Visitor: 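Okay, handing you the structure first.
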2 protein chains.
Amino acid sequence: MDTIDRPSGRAPRVTAAMVAQRAGVSTATVSLVANGKTRGRVSEDNISRVREAISELGYVVDGIGSSLAKGVSSIVILVAPDISNPFFAKVIAGVRETLGADYQLLLSVTDAGEFPHAEDVRKLMALRPAGLLVDAPNAGFLEELSAAGPLVLLDAPGLEAYAASVNLDVAHGARELAAHLADSGHTRAAYVDSVTGTATFDVRRNAFLEEAKARGISVPPDCIISTTIDVGAAAEAFALAWPQWQRSGVTAVVCGTDTHAYGVLQEARVAGVLIPQELAVAGFDDLPYSATSNPGLTSVHLPAMPLGRKAGQQLRGLMAGLELEEPHVTLDSSLVVRGSTG
Amino acid sequence: MDTIDRPSGRAPRVTAAMVAQRAGVSTATVSLVANGKTRGRVSEDNISRVREAISELGYVVDGIGSSLAKGVSSIVILVAPDISNPFFAKVIAGVRETLGADYQLLLSVTDAGEFPHAEDVRKLMALRPAGLLVDAPNAGFLEELSAAGPLVLLDAPGLEAYAASVNLDVAHGARELAAHLADSGHTRAAYVDSVTGTATFDVRRNAFLEEAKARGISVPPDCIISTTIDVGAAAEAFALAWPQWQRSGVTAVVCGTDTHAYGVLQEARVAGVLIPQELAVAGFDDLPYSATSNPGLTSVHLPAMPLGRKAGQQLRGLMAGLELEEPHVTLDSSLVVRGSTG
DNA sequence: CTGAAAGCGCTTACAG
DNA sequence: CTGAAAGCGCTTACAG
């Protein structure tokens with residue numbers, strides 16, 4: 001039985017006042033009922049009256065009015081430099097899962113790899129978000145943020161001083177990878193880095209280089225290049241560098257992301273470089289396609305969904321006004337060996 | 001010269017009243033200046049006074065207060081059933097590009113392939129969005145939406161009656177694909193569909209089946225299966241179906257998305273099925289990885305970024321109160337042939 | 001050109 | 001347990 005009048009297409013906005021009138025109570029009571037704050041404040045009788053009126057009229061608390069009165073909205077802003085990464089889609093899924101229907105996820109996207117600046121941040125804050133999630137930030141951005149309100153950083157190694165964080169132990173996987181290559185007999189490797197000045201990429205590179213060195217794998221400075229996170233760009237850069245690398249005895253290439261690695265694989269096929277016989281290739285992220293490529297891509301697996309889930313969970317805690325028991329969490333990474341490294 | 005006092009971490013909210021006082025004008029004037037509505041309404045003198053005060057105090061118009069007064073927010077909601085698809089990341093990038101900094105993009109995500117229902121929609125509308133973008137909807141969802149305000153549909157073939165739309169001519173690519181397979185000598189094919197009841201998948205399948213039939217390729221009912229848009233799920237389903245298909249003489253598999261096709265490629269490698277000698281494989285979307293896989297995946301290319309761009313552009317028109325010159329736009333698709341089909 | 005005032009829809013002390 | 005009232009920060013007729 002639909003009792004809503006909808007004469008000509010657009011339904012009129014139903015307000016708390018309309019509900020109040022129908023239920024024969026004040027708007028204050030409507031607000032209490034609609035927000036479930038009735039405990040010891042509203043009579044059973046009025047509760048059911050209001051509930052009935054609410055469902056009859058199809059009333060929904062107006063987000064804007066509510067936000068203004070409360071001083072905060074139900075929006076959670078997720079700032080991220082690269083949503084084109086499939087890895088990131090899983091992080092979002094994880095966030096959504098723990099945030100549930102109480103909060104709306106607003107995605108702040110800029111151009112690939114770029115972070116918003118002071119003015120953009122102010123505009124975002126003008127939405128009075130309930131909380132902020134920042135993925136793979138750099139220190140400069142966090143300085144500008146001058147953190148107002150609940151804030152959780154994702155994948156922000158070394159930036160623990162700024163806010164609560166959920167990190168990935170990429171260094172562990174990077175070391176495993178170096179060990180794996182050393183065990184396979186490699187003694188000279190190259191590294192394809194990401195150009196974005198994001199902390200996680202520094203950690204990946206440094207951990208790999210350090211462990212490689214310790215294991216007798218040399219990575220000369222001219223064997224380290226960087227490109228944007230793009231298959232084509234990586235392919236091009238590799239094409240340019242390979243002749244040189246080959247001459248200097250490079251037998252393995254490690255890439256900052258699987259996306260870079262796909263570019264290397266692609267170009268290697270074009271150039272007739274045998275993978276893994278002539279060249280071993282590995283990446284970070286373990287994107288879904290890495291299991292599918294031919295050969296499969298050896299990669300450092302990062303738990304994307306758990307990352308999003310945990311970050312959402314921590315943020316919920318902060319938004320509820322809690323003191324986090326464990327403000328800094330680190331999730332494991334581990335190497336997945338596939339055909340691209342023999 | 002930073003004149004903002006920030007005694008202990010959290011900056012106090014700067015309001016229009018504070019700016020007004022500093023500039024020696026009323027809040028009405030501040031509002032006019034902040035919104036650029038000064039033409040013939042504010043003296044040059046006051047304009048510069050207010051501008052100065054604004055920048056001195058770092059004032060930003062509060063989104064919530066503004067939205068409440070205006071009756072509409074600056075939020076554009078993008079509803080989509082599957083953001084884990086890299087295709088979708090590009091659509092978002094296109095939308096962002098045309099929407100610019102004036103609007104905030106709110107991503108409404110549900111579980112993969114699911115659409116929000118009545119209640120969720122109401123909650124979204126409670127944010128008073130300036131506009132709505134709905135990707136790959138089904139009719140049921142649009143019925144529930146009872147469209148209030150500017151709305152543009154993306155990739156919603158056959159749903160033109162509901163709202164302005166930007167569509168992809170997937171049928172054209174699908175027919176090209178059927179022709180290509182027929183030309184390659186295939187006479188029996190299988191189809192791996194998506195389980196989501198999304199119109200575009202129906203169009204893809206139907207256009208392919210029709211053209212295949214016309215070209216002498218038979219696709220028996222038991223050679224049509226469907227799975228979620230997931231590499232693993234597709235691989236599993238293919239593993240189960242392949243022995244049967246092989247016996248019945250299937251030499252080509254067309255997949256509703258490249259993601260499905262990756263699953264088929266993966267399982268084929270495991271099962272030792274030679275691609276393309278024993279089995280030709282093709283998909284839709286032309287994801288970045290399709291150029292990289294080995295063999296490369298033949299796929300119907302869909303212009304993701306232009307799709308997002310055009311949709312954003314149309315929505316801007318509607319939000320500006322314009323009548324769209326061309327409310328229904330269709331973008332081209334075309335087949336990209338790679339190694340997976342020989 | 002300018003400002004006082006009403007109003008957007010809600011929430012929350014407050015007084016009863 | 002209940003409601004009148006103030007207030008959140010802004011925008012927009014309105015009167016001047």
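All values below were derived from every heavy atom in this structure, side-chain atoms included, with hydrogens, water molecules and symmetry-related copies excluded. From a predicted model like this one, the values you see are computed outputs, not experimental measurements. The sequence lines fix the lettering, A, B, ..., with proteins before strands; numbering per chain opens at 1.
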Visitor: As a test of reading the structure: which of C:dG3, D:dG3, D:dT2 is closest to the side chain of B:Ser26, going by heavy atoms?
Guide: C:dG3

Visitor: Identify, between B:Gly65 and B:Ile47, the residue whose nearest nucleotide on DNA chain C lies closer to the 5' end.
Guide: B:Ile47

Visitor: Can you tell me the distance, in whole Å, between the CG atom of A:Asp45 and the P atom of D:dT2?
Guide: 8 Å

Visitor: Counting heavy atoms from C-beta on, name the nucleotide in C:dC1, C:dT12, D:dC10 closest to the side chain of B:Thr15.
Guide: D:dC10

Visitor: Is there a donor-acceptor contact under 3.5 Å from the side chain of A:Asn35 to the main chain of A:Lys37?
Guide: no

Visitor: At under 4.0 Å between heavy atoms, what does B:Ala28 touch on the DNA or RNA strands: base, sugar-phosphate, or nothing?
Guide: base

Visitor: Counting distance only, does the side-chain N/O of B:Asn46 pair as donor-acceptor with the main-chain N or O of B:Val42 below 3.5 Å?
Guide: no

Visitor: Using a heavy-atom cut-off of 4.0 Å across all strands, would you classify A:Arg39 as base, sugar-phosphate, or nothing?
Guide: nothing

Visitor: What does B:Val30 touch in the nucleic acid at a heavy-atom separation under 4.0 angstrom: a base, only the sugar-phosphate, or nothing?
Guide: nothing

Visitor: Please report the distance, rounded to the nearest Å, between CG in A:Asn46 and P in D:dT2.
Guide: 4 Å

Visitor: So if I take every side-chain heavy atom of A:Val61 and compare against D:dG9, C:dC10, D:dT11, which nucleotide ends up nearest?
Guide: C:dC10

Visitor: Tell me the interatomic distance from B:Met18, atom CE, to D:dC8, atom P, rounded to whole angstroms.
Guide: 13 Å

Visitor: Can you find a side chain N or O atom of A:Lys37 that sits less than 4.0 Å from OP1 or OP2 on C:dT12?
Guide: yes

Visitor: Compare side-chain N and O positions of A:Thr29 against OP1 and OP2 of D:dG3 and report whether any pair is under 4.0 Å apart.
Guide: yes

Visitor: Step by step, would you call B:Leu106 with A:Leu107 a side-chain contact (heavy atoms from CB on, under 4.5 Å)?
Guide: CA-CA 6 Å; B:Leu106 189 119; A:Leu107 208 58; over 6 Å; no

Visitor: Starting from P on C:dG7, measure out to CD1 on B:Ile64 and report it in whole angstrom.
Guide: 22 Å

Visitor: Give the rounded distance in Å between these two atoms: CZ of B:Arg41 and P of D:dA15.
Guide: 15 Å

Visitor: Please tell me if B:Ser66 has a side-chain N or O lying less than 4.0 Å from either OP1 or OP2 of D:dC10.
Guide: no

Visitor: Measuring to OP1 and OP2 of D:dT11, would you say a side-chain N or O of B:Asn35 lies under 4.0 angstrom away?
Guide: yes

Visitor: Send over the distance from A:Asp62 CG to C:dG9 C1', rounded to a whole Å.
Guide: 6 Å

Visitor: For D:dC1, what is the paired nucleotide under Watson-Crick or G-U wobble rules, both distances under 3.5 Å?
Guide: C:dG16

Visitor: Kindly determine whether B:Val76 and B:Met319 satisfy side-chain contact (heavy atoms from CB on, under 4.5 Å), including the steps that lead there.
Guide: CA-CA 10 Å; B:Val76 167; B:Met319 293 189 301; 3.9 Å; yes

Visitor: Mind calculating the distance between CD (B:Gln21) and P (C:dG3) to the nearest angstrom?
Guide: 13 Å

Visitor: As a test of reading the structure: which of D:dC10, C:dG3, C:dT11 is closest to the side chain of A:Ala69, going by heavy atoms?
Guide: C:dT11

Visitor: For A:Lys70 and C:dG9, give me the distance from atom NZ to atom C1', rounded to whole Å.
Guide: 13 Å

Visitor: Check the surroundings of atom CD in A:Gln21: do more than 12 heavy atoms from other residues, nucleotides or ligands lie under 6.0 Å from it?
Guide: no

Visitor: Between OG of B:Ser74 and CD of B:Gln104, what distance do you get to the nearest 0.5 Å?
Guide: 4.5 Å

Visitor: Can a side chain N or O of B:Ser43 be found less than 4.0 Å away from OP1 or OP2 on C:dT2?
Guide: yes

